[in-house]
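Residue numbering restarts at 1 for every chain, and letters A, B, ... go by the order of the sequence lines. Computed from heavy atoms alone, side chains included, the values below leave out hydrogens, waters and symmetry copies.
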Amino acid sequence: MADGNARNRLAPVPFRGAGFAPGEHRLGGAAALVALVAIWQAISSFLGVSPLFLPSPIAIARALWRLIVEGDLLSQIGVSALRIAAGWSLGASIGLVVGLAMGLFTFARAAGFAIVSALFPIPKIALLPLMILWFGIGEPSKIATIALGVFFPTAISAASGVDSVPRNLIRMAQSFGLPFADIVRKVVLPGALPSILAGFRISTSIALLLVVSAEMVGAEKGIGAFVLQAGNLMQTDQLLAGVVVLSGLGLAVARAIAMLEKRFSSWR
Amino acid sequence: MLSVESLDLFYGDAQALSGVTLDVPEGEIVAIVGANGAGKTSLIRAIAGMLKPAAGRVFYKGADITGLDSHRVCNLGVGQVAEGRQVFPTLTVRENLAMGGLLPRARARKTGNMERMLELFPRLRERLTQAAGTLSGGEQQMLAIARCLMGEPDLVMFDEPSLGLSPALANDVLDTIVDLNRKGLSCLLVEQNVAASLEIAKHAYVLENGSITLSGQGSQLLADDRVRQAYLGM
């Protein structure tokens, strides 16, 4: 036993406190993307893949340029963006109010969690036909579908955000005699904000998903309708140009949310 | 000034305090020492009105304050510097101080009190418009103390004020408490730093498993073999 211990002590122990800390590399990320596009271009140019099935990146860029200059791609983007903006603001504002109430009041919590858990798993696009029956084929049915999809994650993140506010902090504010409204405004809301913004991140991507799906089901304008139509006409380069626009839209929204997060969490 | 008489407190079925009796005479520092989970924070919260005791009485300046709401207790002049500081992280230093000055008993003199606090803690003046969450641990503790003093308390309960601070900063905080005490503030001090708190306390209690097991002069307890063994490792 003593012998074993002595031997253990002699063996040098290698330093193990490193690793598990992947760093950042700006150029590396850009290089990977460039390489991906280059490989794609090479396959299209040299392997003779039919441009009908996989158009080259250059062809897509050309189609994108043509659609912007000669076509009406910008107005299609505008139509979709408007739907997202309307549906998202509607769903997010109602979701925020309901979620905060769920975090603050017993009755709203009991009723809210039951209803939200029951309805949250429904794929909201399945409700689009119902929405069309209710509101007609025009804008309201699409906006309602997006709003429904956005409502649930927003309500859940707001409620759990309120839950995560340290109770000690609230008790502290109470002991200073702060009125309820002030406690909500100065202690609860700032504490719940990170979770609410995380919910926005999820709900904006849901809104993007739903706008495309809804436009594919029944719309004449909008990016979703445009992509579907291009597919029907076998205009693969235009189809992918539409997809590029969509991914740009998604990136832009994610960027905006990230900026909001940075702006509101500066105290950390 | 403050006296607690055979206080019992339960969390559901679990008893956190049983028959706790103690006294904080006016103008003194009284320390409560004890291990984690002994019930120190529960005791402070029960006195402050954040928890309702099952039995026993709390008297402050002769009046029964048992079970009063926390903002009423606060408004009578019993301040609390809570464990872990509990500053409002998104509010600025100025807003945090202003919150402490909301108590009706001190509201009229808010501006003057704020100025007094900034003289007492010059570091806070430099950070006045900064979010409290961006302050260092020591600065946050100073802010928590200053915020409490904005309510013009006559007695302050400090819950682990040196928790998570470097030894030098912890000493600063304890020095501040001694200084405030000299100016007339009565203090109930709960500390994990047993040696330092027994040194500055006139009277002290040892809390174990929810009961007071030992009490006496701070210096006496510091010399007590049981305390030395259990809390000072000597």
(Q) Counting only heavy atoms not in B:Y11 (residues, nucleotides, ligands), do more than 12 fall under 6.0 Å from its OH? (A) yes
Q.
Report which part of B:V87 has an atom under 4.5 Å of a heavy atom belonging to chain A: side chain, backbone, both, or neither.
A. backbone
Q) More than 12 non-hydrogen atoms from neighbouring residues, nucleotides or ligands closer than 6.0 Å to CZ on B:R125, yes or no? A) yes
Q: Start with the C-alpha distance between A:F176 and B:M150, add both sets of side-chain angles, then the distance that settles side chain to side chain contact (heavy atoms under 4.5 Å, CB included), and finish with yes or no.
A: CA-CA 10 Å; A:F176 293 134; B:M150 286 292 290; over 6 Å; no
Q.
Tell me if the CD atom of B:E26 is crowded by more than 12 foreign heavy atoms within 6.0 Å.
A. no
Q. With distance as the sole criterion, is a donor-acceptor pair present between the side chains of A:N168 and B:R45 under 3.5 Å?
A. yes
(Q) Can you confirm whether B:N209 is buried at CG, in the sense that more than 12 heavy atoms of other residues, nucleotides or ligands lie under 6.0 Å from that atom? (A) no
Q: To the nearest 0.5 angstrom, please state how far the CD1 atom of A:I183 sits from the CE atom of B:M99.
A: 8.0 Å
Q) Quick one: CZ on B:F88 to CD1 on A:I170, what's the gap to the nearest 0.5 Å? A) 9.5 Å
Q) Near B:R105 CZ, under 6.0 Å, is it more than 12 heavy atoms from other residues, nucleotides or ligands? A) yes
Q | Heavy-atom contact with chain A under 4.5 Å, split by part of B:L102 | A | both
**Q.** B:M50, part contacting chain A, at a heavy-atom distance under 4.5 Å
**A.** side chain
Q) Would one find more than 12 heavy atoms of other residues, nucleotides or ligands at under 6.0 Å from atom CZ of A:R167? A) yes
Q | Considering all heavy atoms, the nearest B:R147-A:M172 contact | A | NH2-CG, 3.5 Å
Q) Closest heavy-atom contact between A:S175 and B:L103? A) O-CD2, 3.8 Å
Q | Inter-residue atom distance B:E95.CD - A:K186.NZ, 0.5 Å rounding | A | 6.5 Å
